[in-house]
Structure formats: C-alpha cells, structure tokens
Amino acid sequence: MSNKQNHAQWSSKVGFIMAAVGSAVGLGNIWKFPYMVGESGGSAFVLAYLLCIALIGFPILVAEWMIGRRGQKNPMDSFSDVAASEGKSRNWAIVGVVGILGAFLILSFYSVIGGWALNYMVKLGSGTFTGLNGEAVEGVFNGMLASPGTLTIWHTIFMGVTALIVALGVTSGIEKASKIMIPMLALLLFVIVGYNIMNGGFAEAVTYLFSPDLSKLTGPDSSTIILSALGHAFFTLSLGMGIMVTYGSYLGKNISLLSMARTVVILDTVIALVAGLAIFPIIFSHGMDPAAGPGLIFVSLPIAFGSMTAGALLGTLFFLLVTFAALTSSISLIEPSIEFLEERTSMSRTTSVIVATIAIWLLGVAALLSFNLWSDVLIFGNNIFDLLDKLTSKFMLPLAGLAAIVFAGWVMSQDSVRQELGLSGGAWTLWQIVAKFIAPIGVIIVFINTLIS
Ligand code: PFF
C-alpha cells in the first residue's frame with residue numbers, strides 16, 4: 001500500500017464539526033425533509049424522525065467515526081485493519097467497499113439535483129418566475145427535466161465545483177469551504193425565517209411541524225411513516241456510505257466522539273426544522289398544498305416567490321442556500337472514493353479527483369437521461385435515477401450502517417470501545433444497550449419491512 005504523504009488531519013475541532021455538519025446538512029434537510037414531512041402528515045413524522053435520529057442515527061454516527069479514527073485509512077482498509085487488530089476477519093473490508101460505492105452512486109444523482117438548485121438560483125435571479133401562474137411555473141420545471149442539454153450543463157457545473165473544492169485537499173478544500181458555507185447557510189435560513197415571521201403563515205407552519213398527532217403513529221400509515229423516518233435519519237446524517245468513516249480517519253485521538261456527534265446531530269436536526277419554517281409559511285400563506293412531494297421547493301416555492309414583493313431576491317437567496325447545502329454534502333460524497341484512490345493506487349490527489357469526478361459525472365448523465373431520452377429504460381421496473389436512489393437508500397445505506405453498529409457493538413473488543421468513547425458507569429451501560437440491541441434491531445426491522453413492502 002502506498003503511503004505518499006502523511007494522512008491528512010482536520011486542522012481544528014470547529015473545522016471538523018463544520019465539515020461533518022456540512023456533509024449532514026444537504027438536500028436531505030432542505031429539499032427532502034420538508035416534503036417528507038408534508039407527505040407523511042406533519043408532526044407525526046417529525047416525532048418518529050427525532051426518535052430514529054436519537055436511538056439509531058446517533059450511535060451509528062459515533063460507530064463510524066470510531067472505526068475511521070482507529071483505522072486512519074479509507075473505509076475499506078479501516079474496517080479491514082480494525083477487524084484484524086481485534087483478531088477478526090479482514091472480510092469486514094467489504095462493508096467499507098459498500099460504503100465507498102454507495103457514496104459514489106449517490107453523488108451521481110445528487111449532483112443532478114444540485115444542478116437544479118444552481119439553475120433555479122439563476123432563474124430566480126433573472127426574474128423568470130415573476131408573475132407566472134402555477135401552470136407556467138410547473139411548465140418551467142418540466143421543461144428543465146425534458147431537456148438533457150440543460151440538465152447536463154448544470155450537473156457538469158455542480159460536479160466541477162465539487163471537484164475543485166476537494167482537489168484543494170481536506171483542510172484547505174473541504175474544511176475551509178464548509179467553514180464558509182455552513183455559517184452563510186445558517187444566516188440565509190434565518191433571513192428567510194425572519195421574512196416569514198413578518199409575512200404570515202408562520203403560526204400555521206409551527207403547528208404543522210410541532211403539534212404532535214400521536215394517532216398517526218399508531219394508525220394505518222404508521223409503519224410507512226416510521227420506515228421513511230428511519231431511512232431519512234440515515235440519509236440526513238450521511239451514514240452507511242463510508243463518509244463518516246472517512247471523516248473519522250482524519251480525526252485526532254483527543255477529540256470526544258460523543259460530544260462531537262451530539263453537536264452534529266443537533267445542528268443537522270435544527271437546520272432541517274428551521275428549513276421547514278423557511279418553507280411552509282410561504283406555502284401556507286399562498287394557499288398551497290404542503291404535501292406536494294418532491295416538487296415542493298422547485299414548483300410550489302417558485303410560484304410563491306413569483307408573486308411576492310422582493311420574491312426574486314428572496315428566491316435567489318433561498319436557492320443559494322440550497323446550493324451551499326448541496327455542495328458541502330457533495331464534497332463529502334466524493335471524498336471516500338478519493339481517499340481510497342489516493343491510498344490504494346499510485347495516483348496523486350489531483351488525478352484521483354479527476355478520475356472519480358469523470359466516473360461520477362458519466363453515471364450522473366445516465367441518471368439525468370431518465371427524465372427524458374431514457375425515460376423508458378427500466379431496470380427492475382425503475383428508471384436509472386430511481387434505481388440509484390432506491391439501491392443506495394433502501395439497501396446499501398441500511399446494510400452498511402447496520403454492519404458499522406454491529407462491528408462496534410459486537411465485533412470490537414468492548415474495552416477498546418469504552419476507551420475510544422471515554423465512558424463509564426451508567427452512560428456506558430446505556431451505550432451498550434443502544435449499540436448492541438436497540439440500534440441494530442431497529443435497522444433490521446426497517447430493512448425487513450423494505451424487503452417485503
Ligand atoms: N446528508 C446529506 C443530506 O441530508 O442531504 C446527503 C448525503 C450526504 C447523503 C452524504 C449521503 C451522504 F453520504
């Protein structure tokens with residue numbers, strides 16, 4: 001194995017937190033979470049999601065960082081080396097491979113949506129939606145999807161920016177970009193929420209998001225709600241794709257994983273909820289449907305922006321925010337592949353970035369053609385875009401996440417784990433109950449339900 005340079009390290013705790021929050025906070029928080037809340041009936045989903053984050057997401061995040069930090073290598077070699085040092089089979093490397101591959105596959109379609117956000121930022125800035133009615137706005141969205149050329153251009157720009165950032169390295173690229181973009185994202189979010197507080201629909205949005213309707217969690221849709229909440233907990237925390245293993249491999253020993261994980265989970269959740277408060281008041285005050293699905297931010301919001309004072313400005317800021325969120329996640333999605341190529345081949349970081357970018361870009365083009373030229377190319381009944389999404393979020397992420405927590409709970413010697421986490425007494429017992437039983441069983445239940453549904 002080549003060892004071209006010292007393994008990279010985050011330059012500071014804050015830098016690491018920003019990078020990890022950057023990975024976690026993405027389209028999942030600002031695009032997917034609000035529409036999932038909308039589709040799954042509001043606060044019942046929020047409640048299920050919070051439970052999944054606390055009982056399953058949090059321990060798996062800690063487990064992945066711990067494995068990366070012990071291994072100090074790419075996910076494949078980290079799993080392999082840590083397993084070997086515990087006297088266990090090196091075949092655990094497979095989990096790392098699934099992770100690297102998962103991130104690679106996700107980025108291909110994630111970048112396509114990142115491209116939509118870029119495109120919409122420009123469209124709003126140039127007043128495309130001003131005064132348009134709902135049908136016309138929908139026409140703009142469908143027009144974009146129907147045009148392979150447009151989609152390819154924006155996907156290319158998005159991948160290009162991602163590649164440029166990661167080419168600068170772990171500290172000067174990923175860490176620095178996250179340190180700039182995450183605070184700006186938070187600022188933009190609060191500007192939009194501030195606007196909403198003054199312009200109506202706010203109280204309705206708060207009730208919609210926060211007044212728990214427990215009957216939904218015991219009603220007929222409960223299992224769908226809980227399943228999608230868990231799937232989303234994985235996605236939003238960037239678990240099961242080697243990312244957090246990779247980010248952990250750049251961590252020093254003296255950092256408390258539990259307190260870092262607490263910070264990241266809280267920030268990720270707060271940002272998702274605040275994104276809800278940025279979006280739903282606008283939806284409600286314009287009399288639109290909160291359950292509009294994936295079109296919520298690309299159709300419903302532009303309709304609203306098109307009809308409100310300063311809507312073009314507010315809309316541009318909104319899509320700038322979405323773009324920042326997407327970029328700080330895309331740089332994390334490409335990093336496991338790059339760390340792998342750098343460590344496992346003789347390629348330099350720059351060459352690794354170029355190779356990974358081209359491969360992901362190509363797959364992304366195949367994914368974006370699903371919306372137009374290749375819309376009837378179906379594999380197991382899904383177009384390429386949906387196939388990539390389902391394969392990763394329904395199968396690869398849960399399985400790799402499950403493997404990570406089983407590894408931490410059952411495979412690693414519990415003395416090493418206790419040392420890594422610096423736990424004792426009741427807190428240690430609680431960790432063991434969660435890591436050995438609650439989290440793995442939770443994932444298994446969801447996975448089985450996915451298989452039979
Ligand atoms: N966590 C990001 C989000 O919520 O949008 C998306 C993501 C990033 C998913 C990185 C997976 C990943 F590995």
Side-chain angles (χ1 to χ4, degrees), residues 25-47 49 113 116-117 119-121 123-124 127-142 144 185 188-213 216 221 225 228-229 232 236 269-323 325-326:
V25 172
L27 294 167
N29 302 61
I30 293 163
W31 171 63
K32 216 168 174 187
F33 179 76
Y35 87 71
M36 290 180 89
V37 172
E39 284 184 334
S40 311
S43 55
F45 176 83
V46 176
L47 194 67
Y49 167 81
I113 306 175
W116 299 356
N119 185 357
Y120 266 58
M121 185 170 75
K123 277 194 199 307
L124 274 143
T128 305
F129 299 108
T130 312
L132 290 194
N133 65 17
E135 223 171 300
V137 173
E138 211 169 334
V140 173
F141 184 61
N142 292 334
M144 174 181 78
L185 178 153
L188 290 171
L189 211 47
F190 283 103
V191 168
I192 299 176
V193 172
Y195 176 97
N196 289 344
I197 292 177
M198 296 185 298
N199 286 281
F202 195 75
E204 216 177 326
V206 171
T207 313
Y208 186 70
L209 285 168
F210 300 114
S211 72
D213 175 2
K216 287 234 169 64
D221 292 336
I225 293 180
S228 48
H232 191 63
T236 189
T269 308
V270 168
I271 292 181
L273 293 170
V274 177
L277 294 177
I279 294 170
F280 287 119
I282 302 181
I283 299 290
F284 287 130
S285 64
H286 288 76
M288 286 186 293
D289 177 14
L296 188 66
I297 74 165
F298 291 104
V299 179
S300 311
L301 276 187
I303 300 176
F305 288 135
S307 70
M308 60 206 226
T309 17
L313 176 65
L314 202 70
T316 310
L317 293 181
F318 179 80
F319 281 100
L320 176 66
L321 178 172
V322 180
T323 303

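Heavy-atom basis, side chains included; hydrogens, waters and symmetry copies ignored. Remember, it's a predicted structure, so these values are computed and weren't measured experimentally.
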Task: From CA spacing to verdict: side-chain contact (heavy atoms from CB on, under 4.5 Å), S228, F45 - done: CA-CA 9 Å; S228 48; F45 176 83; 3.8 Å; yes

- [ ] Evaluate the ring planes of W31 and W116, with Trp represented by its six-membered ring, and classify them as parallel (under 30°), tilted (30 to 60°) or perpendicular (over 60°).
- [x] perpendicular

- [ ] Output, in order, the C-alpha distance, side-chain angles, deciding distance and verdict of side-chain contact (heavy atoms from CB on, under 4.5 Å) for V140 and M144.
- [x] CA-CA 6 Å; V140 173; M144 174 181 78; 5.9 Å; no

Task: Spacing of CE belonging to M121 relative to OG1 belonging to T316, to within rounding of 0.5 Å - done: 8.0 Å

TODO: Any chance you could measure H286, atom NE2, to L301, atom CG, to the nearest 0.5 Å?
DONE: 9.5 Å

Open item on the list: Do N133 and I303 have side chains that approach each other closer than 4.5 Å (heavy atoms only, starting at C-beta)?
Closed with: no

- [ ] Might you point out which heavy atoms bring L273 and L209 nearest each other, and give the distance in Å?
- [x] O-CD1, 4.0 Å

TODO: Determine whether P290 and F280 make a side-chain contact, defined as any pair of heavy atoms from C-beta on separated by less than 4.5 Å.
DONE: yes

Task: Nearest non-hydrogen partners of Y195 and T309, listed with the distance - done: OH-O, 3.5 Å

Task: Backbone of S211 reached by a side-chain donor or acceptor of S43 within 3.5 Å - done: yes

- [ ] Quick one: pull up CG in L313 and CG in L124 and give me the separation to the nearest 0.5 Å.
- [x] 10.0 Å

Task: From CA spacing to verdict: side-chain contact (heavy atoms from CB on, under 4.5 Å), K32, L27 - done: CA-CA 6 Å; K32 216 168 174 187; L27 294 167; over 6 Å; no

Open item on the list: Any heavy-atom pair between the side chains of L296 and P34 that's under 4.5 Å?
Closed with: yes

TODO: Would you confirm whether the ring centroid of Y49 sits within less than 6.0 angstrom of the ring centroid of F33?
DONE: yes

TODO: Grab the two heavy atoms, one from V137 and one from V299, that are nearest each other, plus how far apart they are.
DONE: CG1-O, 3.5 Å

Task: Approximate separation, where rounding is to 0.5 Å, of N199 CG and L314 CG - done: 9.0 Å

- [ ] Please check if the side chain of S285 supplies one atom and the backbone of G201 the other of a donor-acceptor pair under 3.5 Å.
- [x] no

Task: Side-chain heavy-atom pair I279, F318 within 4.5 angstrom cut-off - done: yes

TODO: Search all heavy atoms of L189 against all heavy atoms of A275 and return the closest pair with its distance.
DONE: CD1-CA, 4.1 Å

Open item on the list: Working to the nearest 0.5 angstrom, can you tell me the gap between I283 CD1 and I297 CD1?
Closed with: 10.0 Å

Open item on the list: So, taking the atom named CG in L277 and the one named CD1 in I197, what distance separates them when rounded to the nearest 0.5 Å?
Closed with: 8.0 Å

Task: Note, F284 side chain near F202 side chain (heavy atom, < 4.5 Å) - done: no

- [ ] Look only at the side chain of N29 and the backbone of I271, and say whether a donor-acceptor pair between them is shorter than 3.5 Å.
- [x] no

- [ ] Decide yes or no for T130 and F305: does some side-chain heavy atom of the first lie under 4.5 Å from some side-chain heavy atom of the second?
- [x] no

- [ ] Please check if the side chain of H232 supplies one atom and the backbone of G28 the other of a donor-acceptor pair under 3.5 Å.
- [x] yes

Open item on the list: Which heavy atom of G276 sits nearest to which heavy atom of P281, and what is that distance?
Closed with: O-CD, 3.6 Å

Task: Least distance between heavy atoms, S300 atom then M288 atom - done: O-CE, 3.1 Å

Open item on the list: Tell me every residue that passes side chain to side chain donor-acceptor pair (under 3.5 Å) with N119, counting only those two or more places apart in sequence or in another chain.
Closed with: none

Task: Residue list, ring-ring contact (aromatic ring centres under 6.0 Å, His included) with F319, at least two apart or on another chain - done: Y120, F298

